[in-house]
Asks: 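Let me give you the structure first, and then I'll get to my questions.
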Amino acid sequence: MKSRIFGAAALAFALLSAGIGLGSGILIARLISKPVSDLADAARRIGLGERGARIPARGSREIVELTDAFNKMAGDLERAETLRNNLMA
């Protein structure tokens, strides 16, 4: 009787642990991939000529640094394009 209860409790614990691990893994993957996906989308928009594309800085320190660098680059491109257009006019 005790071994049956212990086995059921061990199985329940294993299933609960697996569920928590899977849920945590999915959450962490989304937290990491969302800012990178936003960055890729903004890069595509700039490639299509939308010079005002910017993205909010969020995520890990490395992602925030990458986002800040991207936004600075986008601003530099926008200013260069404005300067070029003014010189051509």
Asks: Please tabulate, one pair per line, all N/O donor-acceptor pairs under 3.5 Å involving side-chain atoms of residues 10-32, not counting sequence neighbours.
Replies:
{"residue": "S17", "atom": "OG", "partner": "F13", "partner atom": "O", "Å": "2.9"}
{"residue": "S24", "atom": "OG", "partner": "I20", "partner atom": "O", "Å": "2.9"}

Asks: Rounded to the nearest 0.5 Å, how far apart are CD1 of I55 and CG of N71?
Replies: 5.5 Å

Asks: For A74 versus A53, what's the shortest heavy-atom pair and its separation?
Replies: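 Closest heavy-atom pair between A74 and A53: CB-O, 3.7 Å.
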
Asks: Using a strict threshold of under 4.0 Å (side-chain N to carboxylate O), is an ion pair present between K72 and D68?
Replies: no

Asks: Hey, quick one: are F70 and I63 part of the same hydrophobic cluster, counting side-chain heavy atoms closer than 4.5 Å, chains of contacts allowed?
Replies: no

Asks: What is the distance from atom CD of E78 to atom CE of M73, rounded to the nearest 0.5 Å?
Replies: 11.5 Å

Asks: Quick check for you: to the nearest 0.5 Å, what is the distance between L77 atom CG and I46 atom CD1?
Replies: 6.5 Å

Asks: Between E50 and R45, is the closest basic N to carboxylate O distance under 4.0 Å?
Replies: yes

Asks: Heavy atoms, side chains only, cut-off 4.5 Å: are V64 and R61 in contact?
Replies: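 No. Closest side-chain heavy atoms not under 4.5 Å.
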
Asks: Looking at side-chain heavy atoms only, is the closest gap between D38 and R58 below 4.5 Å?
Replies: yes

Asks: When rounded to the nearest 0.5 angstrom, what distance separates CG in L83 from CE in M88?
Replies: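 L83 atom CG to M88 atom CE measures 11.5 Å (nearest 0.5 Å).
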
Asks: Search all heavy atoms of T67 against all heavy atoms of P56 and return the closest pair with its distance.
Replies: CG2-O, 3.6 Å

